[in-house]
Engineer: 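Before we start, here is the structure in question, set down as structure tokens.
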Amino acid sequence: MAPHSLDSQEILLSNGQKGLEKYSTEAVSKHNATNDCWLIIWGRVYDVTSWVPHHPGGSLILLRAGKDCSHLFESYHPLYVRKILGRYCIGEVEEVADNSLRCLSIQYSEAGNELFYSTLKERVEAYFVKNKVNPRFHPHMLPKSILVIAGYLLFYYLTFFGTPSFALSFLFALAMGFFTAQIGLSIQHDANHGAFSNVHWLGYLMSTSLDFVGASSFMWRQQHVVGHHSFTNVENYDPDIRVKDPDVRRVTYKQPIQKYHSFQHLYLGALYGLLALKGVFLDDFVAFITGSIGPYVFLLHYYATT
């Protein structure tokens with residue numbers, strides 16, 4: 001996804017003046033709470049505190065509070081939202097020689113060529129309008145979610161309390177695993193993307209279904225929503241494709257090819273089945289202690305603001 005410079009008419013201050021006050025990234029980073037939320041979008045500083053309670057995506061607006069959220073903003077918002085930004089603009093980020101204070105960012109080689117991205121986004125948005133489809137809600141989601149959660153609870157009970165037979169318990173456990181996967185793929189994924197329901201509390205409740213089955217919705221939002229969707233499949237930026245060298249997986253073209261990678265289509269299926277255990281018992285704790293997931297550094301204060 002290429003970056004997009006906002007039109008000059010979209011970044012005027014609320015009083016109509018073109019003069020923009022300069023802020024350091026360090027100063028902006030202090031405004032990182034629900035009642036004091038500033039964002040950096042393509043070099044401009046926005047005080048969106050008054051908008052936080054009305055944000056259609058709920059608390060997702062706080063994921064990068066006090067930091068640069070340019071790529072996240074572009075990946076989540078329709079084009080018309082750019083025009084709304086102007087009323088919240090309070091200044092711009094001052095240029096600094098030392099990039100240590102700057103947030104995770106990336107520049108693309110064709111940053112000025114927006115035609116493909118803009119055209120694609122316009123057509124997608126037009127499709128939803130023409131077909132009267134709500135991009136944040138579908139009526140089938142709620143009954144599907146009830147069915148999936150009920151299936152999980154049923155087979156959880158049958159696995160541990162329903163029978164003294166190990167063979168039957170094993171089969172019930174497989175069924176429980178299936179419904180656990182469905183919670184991850186069919187419920188929490190949409191909910192943590194802010195696309196389960198227009199009702200904020202219901203969306204938040206369903207987002208915690210990931211916590212219900214033993215993982216962390218907080219860590220998932222940091223890794224997947226902020227990291228992956230801002231820098232999808234970009235080497236050294238996307239935390240979803242972080243690998244060591246050497247690694248049993250080869251997921252980027254820059255990784256050195258090992259002989260066993262020729263067979264990864266055979267063994268990775270089984271290893272991915274164990275990935276959830278690694279995430280729950282190792283990765284989440286490492287991320288919480290270090291405050292980072294691979295290349296992405298997140299804010300632990302988010303716990304206190306949501």
Side-chain angles (χ1 to χ4, degrees), residues 6 10-16 20-21 23 25 27-93 103 125 128-129 133-139 141-142 145 187-211 216-222 224-227 229-230 298-306:
L6 300 177
E10 298 170 359
I11 59 175
L12 294 179
L13 297 178
S14 58
N15 61 7
L20 295 173
E21 186 172 348
Y23 294 95
T25 52
V28 175
S29 68
K30 297 176 181 178
H31 302 270
N32 54 23
T34 304
N35 59 352
D36 185 17
C37 182
W38 290 14
L39 303 172
I40 299 173
I41 303 176
W42 301 127
R44 308 293 176 177
V45 180
Y46 299 89
D47 181 355
V48 296
T49 306
S50 61
W51 177 243
V52 170
H54 312 287
H55 185 241
S59 61
L60 288 176
I61 195 173
L62 300 172
L63 284 175
R64 295 290 288 175
K67 287 196 171 186
D68 190 309
C69 67
S70 304
H71 301 83
L72 189 63
F73 172 83
E74 288 290 350
S75 67
Y76 266 81
H77 295 85
L79 294 171
Y80 73 85
V81 178
R82 294 190 196 179
K83 298 179 180 179
I84 301 175
L85 278 177
R87 68 184 71 166
Y88 301 103
C89 184
I90 60 173
E92 61 184 358
V93 179
C103 305
E125 292 174 14
F128 282 102
V129 173
V133 176
N134 187 335
R136 292 188 176 276
F137 173 74
H138 193 284
M141 281 299 293
L142 192 56
S145 300
I187 301 178
Q188 75 83 22
H189 182 276
D190 290 34
N192 279 301
H193 271 299
F196 185 92
S197 171
N198 291 322
V199 181
H200 288 174
W201 69 264
L202 180 59
Y204 176 78
L205 179 64
M206 289 303 179
S207 73
T208 62
S209 62
L210 184 61
D211 304 271
S216 170
S217 59
F218 168 78
M219 292 299 185
W220 192 90
R221 285 192 295 272
Q222 300 299 325
H224 186 80
V225 176
V226 179
H229 277 275
S230 295
F298 59 87
L299 301 175
L300 292 178
H301 75 82
Y302 181 78
Y303 276 119
T305 59
T306 57

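Quick caveat, the model's predicted, so the values are computed rather than measured.
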Engineer: Heavy atoms only: give me the nearest Asp211-Ser216 pair and the separation to one decimal.
Structural biologist: OD1-CA, 3.6 Å
Engineer: Looking only at heavy atoms, what is the nearest atom pair of Ile61 and Cys37, with distance?
Structural biologist: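 Looks like O-SG, 4.4 Å.
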Engineer: I'd like to know if the side chain of His200 reaches the main chain of Pro56, judged simply by a donor and an acceptor atom lying under 3.5 Å from each other, with no hydrogens or angles considered.
Structural biologist: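 Pair found, side chain donor or acceptor close to backbone of Pro56.
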Engineer: Could you give the distance from OG (Ser50) to NE2 (His55), rounded to the nearest 0.5 Å?
Structural biologist: 12.5 Å
Engineer: Kindly give the heavy-atom pair with the smallest separation between Gly66 and Leu39, and that separation in Å.
Structural biologist: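 Shortest heavy-atom contact: N-CD2, 4.4 Å.
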Engineer: Run through Glu74, His224, His71 and flag the one making a side chain to side chain donor-acceptor pair (under 3.5 Å) with His229.
Structural biologist: His224
Engineer: Are Leu63 and Cys69 close enough that some pair of their side-chain heavy atoms sits under 4.5 Å apart?
Structural biologist: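 Answer no - side chains too far apart.
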Engineer: Only counting residues at least two apart or in another chain, list the ones meeting ring pair (Phe, Tyr, Trp, His ring centres under 6.0 Å) with Phe137.
Structural biologist: none
Engineer: Between CZ of Phe128 and CG of Asn134, what distance do you get to the nearest 0.5 Å?
Structural biologist: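 CG of Asn134 is found 9.0 Å from CZ of Phe128.
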Engineer: So which atom in Pro135 and which in Ala195 form the shortest heavy-atom distance, rounded to 0.1 Å?
Structural biologist: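 Minimum heavy-atom separation between Pro135 and Ala195: O-CB, 4.0 Å.
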Engineer: Any sub-3.5 Å donor-acceptor pair from Asn192's side-chain atoms to Ser207's backbone N or O?
Structural biologist: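 Indeed, once roles are kept as given, a pair shorter than 3.5 Å links the two residues.
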Engineer: Begin with the C-alpha distance, continue with both residues' side-chain angles, and end with the deciding distance and a verdict on side chain to side chain contact (heavy atoms under 4.5 Å, CB included) for Thr49 and Tyr88.
Structural biologist: CA-CA 9 Å; Thr49 306; Tyr88 301 103; over 6 Å; no
Engineer: So how far is it from Arg82 CZ to Ile41 CD1, rounded to the nearest 0.5 Å?
Structural biologist: 10.5 Å
Engineer: Please name the residue in the list Lys67, Arg221, Arg64 that meets the side-chain contact (heavy atoms from CB on, under 4.5 Å) test with Val226.
Structural biologist: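 Output: one option passes, namely Arg64.
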Engineer: Just verifying a value: how many Å separate Ser70 OG and Ile40 CD1, rounded to the nearest 0.5 Å?
Structural biologist: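 If I round to the nearest 0.5 Å, the distance is 8.0 Å.
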Engineer: Within this structure, what is the OG-CE distance for the pair Ser197 and Met206, rounded to the nearest 0.5 Å?
Structural biologist: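 Here the rounded value is 9.0 Å.
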Engineer: Parallel under 30°, tilted from 30 to 60°, perpendicular over 60°: which one fits the rings of Trp38 and His31?
Structural biologist: parallel
Engineer: Would you indicate whether the side-chain heavy atoms of Tyr76 and Val81 approach each other to under 4.5 Å?
Structural biologist: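 They are not in side-chain contact.
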Engineer: When you measure from the side chain of Asp36 to the backbone N and O of Ala33, does any donor-acceptor pair fall under 3.5 Å?
Structural biologist: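 A pair under 3.5 Å: no.
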Engineer: Quick one: closest heavy-atom pair of Tyr23 and Ile90, and the distance?
Structural biologist: CE1-O, 3.6 Å
Engineer: Could you pull out all residues at least two apart from Val129 that satisfy side chain to side chain contact (heavy atoms under 4.5 Å, CB included)?
Structural biologist: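 Not a single residue meets the side chain to side chain contact (heavy atoms under 4.5 Å, CB included) criterion with Val129.
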Engineer: Restricting to non-hydrogen atoms, name the atom on Leu20 and the atom on Arg44 that form the minimum distance, rounded to 0.1 Å.
Structural biologist: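 Closest approach of Leu20 to Arg44: CD1-NH1, 2.5 Å.
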Engineer: Establish, from distance only, whether the side-chain atoms of Arg136 and Asn198 form a donor-acceptor pair under 3.5 Å.
Structural biologist: no
Engineer: From Phe73 CZ over to Ser230 OG, what is the distance, rounded to the nearest 0.5 angstrom?
Structural biologist: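 Here the interatomic distance stands at 12.5 Å.
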